[in-house]
2 protein chains.
Amino acid sequence: MKNIHCDAYHVFFKNLANPLKIGIIAELKEKPSSVNELSEKLNVEQSKLSHSLANLRFCSLVNSKQVGKKRVYSLNKKTILPILKIIDKHRQTECTGCKVK
Amino acid sequence: MKNIHCDAYHVFFKNLANPLKIGIIAELKEKPSSVNELSEKLNVEQSKLSHSLANLRFCSLVNSKQVGKKRVYSLNKKTILPILKIIDKHRQTECTGCKVK
DNA sequence: TATTCATATGAACTCATAGTCATATGAAAA
DNA sequence: TTTTCATATGACTATGAGTTCATATGAATA
């Protein structure tokens with residue numbers, strides 16, 4: 001995802017096609033967090049998170065604001081939550097045998 | 001996507017994180033089509049399409065029925081279209097600088 | 001302004017997944 | 001029942017996204 005623009009659906013969806021990023025989203029769904037907080041909660045190394053967060057930010061799926069030394073990330077719930085809801089429903093009604101968690 | 005189940009969001013989204021599959025979806029949005037029809041319209045080789053279609057079927061994003069020698073694929077519009085709509089809106093309102101087409 | 005804390009970035013590496021090609025399967029018509 | 005048309009499948013390769021590690025940047029405090 002370097003040097004290209006979010007100019008196609010698939011670029012956007014790459015953010016959702018990755019377990020770590022889904023994990024980040026799940027965490028931020030609960031509450032805004034700094035990189036270190038995410039690192040502890042998810043037990044994932046800092047730079048790994050920063051890279052992932054950069055992608056999420058790139059497509060405006062998360063926002064960030066500087067708070068003291070920390071940078072706090074928050075989820076763009078307006079877009080993500082409805083999408084996840086649709087998938088949940090899809091799983092129940094259409095996707096027999098598929099288990100989305 | 002072999003030997004694993006559609007048991008997580010990211011497996012589902014992998015189908016949308018790929019230009020070809022998005023192209024297939026765009027075609028099937030217009031009308032149900034056989035593999036050969038897709039091959040001509042998208043100018044993509046047959047086996048490539050069959051592989052992609054297998055993934056899409058795996059997550060119930062498309063359905064298929066045998067019609068004579070052909071197998072006709074159709075889009076599961078109930079799930080996909082609302083999602084694409086959300087992205088379109090996201091692009092307009094949240095994703096300044098991003099151009100989803 | 002030097003130091004420390006917090007995060008971002010770059011480059012190299014790894015590995016998953018899309019793509020390729022040859023071949024198998026399956027349905028219908030001859 | 002053989003041939004042809006249509007699609008699926010398997011194995012291999014290549015591409016690109018995720019990971020890692022070292023280092024840079026940036027904010028705040030001493």
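Note on naming: letters A, B, ... go to the chains in the order of the sequence lines (proteins, then strands), and numbering restarts at 1 for each one.
- Rounded to whole angstrom, the span from the CG atom of A:Asn18 across to the C1' atom of C:dT17 amounts to 13 Å.
- Stacking between A:His51 and the base of C:dT9 is present: ring centres sit under 5.5 Å apart and the planes differ by under 30 degrees.
- With B:Asn15 as reference, B:Leu61 is the one residue of B:Leu61, B:Ile24, B:Val62 to meet the side chain to side chain contact (heavy atoms under 4.5 Å, CB included) rule.
- Listed in residue order, the members of residues 22-50 of chain A having a heavy atom less than 4.0 Å from DNA chain C are A:Ser34, A:Val35, A:Asn36, A:Gln46, A:Ser47, A:Ser50.
- Distance A:Leu56 CG to C:dA8 P: 12 Å, rounded to the nearest Å.
- Considering only heavy atoms from C-beta on, A:Lys14 stays 4.5 Å or farther from B:Lys14 through its side chain.
- Put simply, NE2 on A:His10 is 10 Å from P on D:dG16, counting in whole angstrom units.
- The side chain of A:Lys14 contributes no N or O atom lying less than 4.0 Å from OP1 or OP2 of D:dG18.
- Contact annotation: the side chain of A:His90 approaches that of B:Ser60 to within less than 4.5 Å [non-hydrogen atoms, C-beta and beyond].
- Closest approach to the B:Arg57 side chain among D:dA17, D:dT9, D:dG18 is made by D:dT9 (side chain taken as heavy atoms from C-beta onward).
- Atom CG of B:Leu53 and atom P of D:dA8 are 7 Å apart (whole Å).
- Between B:Asp88 and A:Tyr9, some side-chain heavy-atom pair lies under the 4.5 Å cut-off.
- Closest heavy-atom contact between A:Leu28 and A:Ser33: CD2-N, 3.7 Å.
- A heavy-atom distance below 4.5 Å is not found between the side chains of A:Leu49 and A:Tyr73.
- Distance CG (A:Asn55) to P (C:dA8): 12 Å, rounded to an integer number of Å.
- Using a 4.0 Å cutoff on non-hydrogen atoms, the parts of residues 63-73 of chain A near DNA chain D are A:Gln66, A:Gly68, A:Lys69, ordered by number.
- Side-chain atoms of A:Glu27 and A:Leu42, non-hydrogen and from C-beta on, do get closer than 4.5 Å to each other.
- The line from CG of A:Asn76 to SG of A:Cys59 is 11.0 Å long, rounded to the nearest 0.5 Å.
- Counting only residues at least two apart or in different chains, salt bridge (charged side-chain N to carboxylate O under 4.0 Å, His left out) contacts with residues 60-82 of chain A comprise A:Lys78-B:Glu94.
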